[in-house]
Asker: 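My structure is below; once you've seen it, I'll send some questions.
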Amino acid sequence: MGLLQGLLGARNLLLVVCVPLLLLPLPILHPSSEAACAYVLIVTAVYWVSEAVPLGAAALVPAFLYPFFGVLRSSEVAAEYFKNTTLLLVGVICVAAAVEKWNLHKRIALRMVLMAGAKPGMLLLCFMCCTTLLSMWLSNTSTTAMVMPIVEAVLQELVSAEEEQLVAGNSSAEEAEPISLDVNNQPSLELIFVNEDTSAADFTSLMQNKNLNGVPTITNPLRTANQRQDKKQPSQEKPLGLTPSPRNQKLNRKYRSQHDQMICKCLSLSISYAATIGGLTTIIGTSTSLIFLEHFNNQYPAAEVVNFGTWFLFSFPISLIMLVVSWFWMHWLFLGCNFKETCSLSKKKKTKREELSEKRIQEEYEKLGNISYPEMVTGFFFILMTVLWFTREPGFVPGWDSFFEKKGYRTDATVSVFLGFLLFLIPAKKPCFGKNNDGTSRESSLQSEPIITWKDFQKTMPWEIVILVGGGYALASGSKSSGLSTWIGHQMLSLSSLPPWAVTLLACILVSIVTEFVSNPATITIFLPILCSLSETLHINPLYTLIPVTMCISFAVMLPVGNPPNAIVFSYGHCQIKDMVKAGLGVNVIGLVIVMVAINTWGISLFHLDTFPAWAKVNNITNQA
């Protein structure tokens, strides 16, 4: 028994050692570049799927096995680990770090809550819109970690307001039942902000050995509604990582009514789904879209069809339709069909409970004070970056890139890195000149701390995803140079009898199932080379398959281990596994249907998907040669 326990404890180490040894006969018995590349690909894929080692560490396997087997030179492999997308990510993270540091996201979220009021239906729509908006520019994990404490605070205010109303109406406070969200019985809301040093271990236990997928985590704790308790809880002064213990404490949570429980479930789950929907909208919204973009540009360098603008034009209607339909789905599933009652904006129909809740939310917003100078600078850079991305090559009119003599030298990464660099220079204090009223010279704002520091950037920068993406590029480059991708394409000729839409649908269903159990970056990194070869073999426009698959990989919303946002929401204890499966299945089907409709309607005209493009023909001829 002890031996068995020891083997189970060392299963990751055994897997890391045994998998390469068991697969070693493949390159030995078949001494070819294709076999050697397949060996490296399988070993790396097993490490990614099993997560026996961190995803970033597993991505380094091609860096030493490719040169060892003679697939690629060491210098060629090294060049794959830092690409244009890495610079794009660096610039975006600079802006994201500024947003998080100066609490701009909290101001936006609370303001939208005030606009929506305390009606459950409108509150649900408001939080979903706010989360979607933030998730367009920040990682899904960061957005969920930012918004969930605000959601939890609002839920506390809703229930505590009801308690006050009931206690006021009774002659004795003892007659009132205990509230469902007892602040004293639940951990501080700051627990949701994951510390950089402890996130891997804490998420491992929470997500059953499924780590953060390389997406950035929040390390700067923000002031939350229950911050008043910090002095009473000195052990929670330092932000902790997510652990299963909060949920275990909440399993015995008692709700005043079934309606209150449904509201808590609905609002919590909707944050995770809205973060996923928002991530689809922009090319920098998720790691999967970044991986797709760089792989596509490497695979088809002559194809200048996918950029920030074209991706947004295609995906924004998808996100908008998904947001509305998902809101209806969540409302029907948890709150029923009485939209008139739950979505009314009339002040006459507001209950005492809703009025008290809105008053407390207003007080929380007022604590933020007037908008600060750093917030204004961050918001300006946020908008400027978006405008410059859109106007670089809009497609229907000449962009600002056409003003330069040499074409093709500037990309979206150029804009993001430039603006991110400026954030390190601009002082956080508003510029002031002259003298004070007493005649003394004013302190120069140039000597103050900048909007963000390198430490702020380091806390937010997802270095693991950088290495992971680089490993995917290395695998794709090895598959192409060794001829493995061509061999895989030839094995799929049996699918040529199916129409293109059926091939795409089957691929989307397959990745939607796989991604529920395998991390999103690992899934797309494994499938991209295969789908490229399949598209070229069947003479289908590669984008017709790659874009829907990239989007469907993000629909891992049915299980807590599907992605970090699911785990964050699940840790609050409002919903159970069956709730996530039931609601997530509906969102998954909604997303799949909308994506398939989009790629077969406006996607065809936007990307010219009805023809096999010349840039794909050139690449196909090169691979066959």
Side-chain angles (χ1 to χ4, degrees), residues 85 88 92 132-133 135-137 140 273-297 299-300 302-326 385-397 399 401 411-413 415 500-501 503-505 507-508 511-512 520 524 527-528 531-532 535 540-555 587-588 590-613 615-616:
T85 308
L88 175 65
V92 171
T132 300
L133 178 64
S135 187
M136 290 181 186
W137 318 103
N140 297 354
Y273 303 154
T276 298
I277 294 170
L280 299 175
T281 312
T282 59
I283 198 70
I284 49 101
T286 61
S287 58
T288 52
S289 57
L290 285 172
I291 294 172
F292 153 76
L293 178 64
E294 190 61 36
H295 178 89
F296 181 79
N297 290 337
Q299 188 80 3
Y300 308 104
E304 299 179 355
V305 290
V306 181
N307 54 39
F308 184 88
T310 55
W311 180 275
F312 186 85
L313 290 175
F314 173 73
S315 60
F316 181 73
I318 296 176
S319 300
L320 191 61
I321 297 171
M322 272 198 70
L323 183 66
V324 175
V325 177
S326 298
M385 180 181 290
T386 307
V387 171
L388 291 177
W389 277 341
F390 270 112
T391 57
R392 182 177 65 87
E393 288 181 350
F396 52 91
V397 292
D401 188 52
T411 64
D412 292 337
V415 174
W501 66 266
V503 175
T504 301
L505 179 61
C508 289
V511 297
S512 297
N520 296 354
I524 193 169
F527 276 93
L528 277 179
L531 293 175
C532 285
S535 301
I540 302 173
N541 190 317
L543 289 175
Y544 186 76
T545 303
L546 297 182
I547 291 179
V549 165
T550 301
M551 289 190 161
C552 288
I553 285 176
S554 297
F555 298 151
V587 174
N588 212 325
I590 290 169
L592 179 62
V593 171
I594 294 174
V595 168
M596 287 301 301
V597 171
I599 201 66
N600 287 286
T601 51
W602 65 86
I604 291 179
S605 59
L606 184 62
F607 297 111
H608 306 289
L609 302 179
D610 51 348
T611 60
F612 189 63
W615 45 263

Asker: Donor-acceptor check, side chain of Thr504 to backbone of Trp501, threshold 3.5 angstrom: yes or no?
Answerer: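 Flag not set: sc Thr504 to bb Trp501 has no pair under 3.5 Å.
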Asker: Determine whether His608 and Pro613 make a side-chain contact, defined as any pair of heavy atoms from C-beta on separated by less than 4.5 Å.
Answerer: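 No, their side chains stay 4.5 Å or more apart.
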Asker: Compare all side-chain heavy atoms of Trp615 with those of Pro542 and state whether any distance is below 4.5 angstrom.
Answerer: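 Touching, per the 4.5 Å side-chain cut-off.
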Asker: Sequence neighbours left out, cut at 3.5 Å: what donor-acceptor pairs do the side chains of residues 274-284 make with other protein atoms?
Answerer:
unit_1: Thr276; atom_1: OG1; unit_2: Ser272; atom_2: O; d: 3.2
unit_1: Thr281; atom_1: OG1; unit_2: Ile277; atom_2: O; d: 3.4
unit_1: Thr281; atom_1: OG1; unit_2: Gly278; atom_2: O; d: 3.2
unit_1: Thr281; atom_1: OG1; unit_2: Ser319; atom_2: OG; d: 2.8
unit_1: Thr282; atom_1: OG1; unit_2: Met136; atom_2: O; d: 2.4
unit_1: Thr282; atom_1: OG1; unit_2: Gly285; atom_2: N; d: 3.2

Asker: To the nearest 0.5 angstrom, please state how far the CG atom of Leu546 sits from the CD atom of Gln299.
Answerer: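 Atom-to-atom, Leu546:CG and Gln299:CD are 9.0 Å apart.
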Asker: Can you tell me how far apart CG (Asn541) and CG (Leu609) are? Round to the nearest 0.5 Å.
Answerer: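 Going from CG on Asn541 over to CG on Leu609, the span is 5.0 Å.
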Asker: Mind checking whether Tyr544 and Asn600 have side chains closer than 4.5 Å, heavy atoms only?
Answerer: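 They are in contact (side-chain heavy atoms under 4.5 Å apart), so the answer is yes.
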Asker: Any idea which heavy atoms bring Met385 and Val415 closest together, and the distance?
Answerer: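 Between these two residues, the closest heavy atoms are O-CG1, 4.3 Å.
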Asker: Taking the side chain as everything from C-beta on, heavy atoms only, tell me whether Thr550 gets closer than 4.5 Å to Trp311.
Answerer: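 The answer is yes, as the side chains (C-beta and beyond) meet within the 4.5 Å cut-off.
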Asker: Once you measure the plane-to-plane angle for Phe296 and Tyr300, does it fall in the parallel (<30°), tilted (30-60°) or perpendicular (>60°) bin?
Answerer: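 Taking Tyr300 first and then Phe296, their aromatic rings sit tilted (interplane angle of 30° to 60°).
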Asker: With Val511 as reference, evaluate Ile553, Thr288, Ile524 under the side chain to side chain contact (heavy atoms under 4.5 Å, CB included) test and give the passing residue.
Answerer: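 The passing option is Ile553.
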Asker: Checking Ser289 now: which residues fulfil side-chain hydrogen bond (donor to acceptor under 3.5 Å, both in side chains) with it, not counting sequence neighbours?
Answerer: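 Partners of Ser289 under the side-chain hydrogen bond (donor to acceptor under 3.5 Å, both in side chains) test: Thr286.
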Asker: Just wondering, do Val549 and Leu531 contact through their side chains at under 4.5 Å, heavy atoms?
Answerer: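 In contact.
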Asker: Any side-chain heavy-atom pair from Tyr273 and Ile590 closer than 4.5 angstrom?
Answerer: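 Counting from C-beta outward, Tyr273 and Ile590 never come under 4.5 Å.
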Asker: Nearest heavy-atom pair of Trp602 and Pro317: which atoms, and what distance?
Answerer: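 Smallest interatomic distance, heavy atoms only, reads CZ2-CB, 3.7 Å.
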Asker: Of all heavy-atom pairs between Thr545 and Pro548, which one has the smallest distance, and what is that distance?
Answerer: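 Heavy atoms of Thr545 and Pro548 come nearest at O-CD, 3.4 Å.
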Asker: Assess whether side-chain contact (heavy atoms from CB on, under 4.5 Å) is satisfied between Leu606 and Leu313, documenting all intermediate values.
Answerer: CA-CA 8 Å; Leu606 184 62; Leu313 290 175; 4.2 Å; yes
Asker: Between Leu543 and Phe292, is any pair of side-chain heavy atoms under 4.5 Å apart?
Answerer: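 Yes, close enough: below the 4.5 Å cut-off.
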Asker: Between the side chain of Asn588 and the main-chain N/O of Phe555, is any donor-acceptor distance below 3.5 Å?
Answerer: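 Yes, the answer is positive, given that a donor and an acceptor are paired below the 3.5 Å cut-off.
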Asker: For the residue pair Phe314 and Phe607, does the interplanar ring angle fall in the parallel (under 30°), tilted (30 to 60°) or perpendicular (over 60°) class?
Answerer: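 The arrangement is perpendicular - the two ring planes meet at more than 60°.
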Asker: First locate atom SG of Cys508, then atom CE of Met596, and finally report the distance between them rounded to the nearest 0.5 Å.
Answerer: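 If I round to the nearest 0.5 Å, the distance is 6.0 Å.
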Asker: Rounded to the nearest 0.5 Å, how far does CG of Asn307 lie from CG of Asn297?
Answerer: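 Reported value, rounded in 0.5 Å steps: 9.5 Å.
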Asker: Is the shortest side-chain heavy-atom distance between Cys532 and His295 below 4.5 Å?
Answerer: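 Cys532 reaches His295 side chain to side chain.
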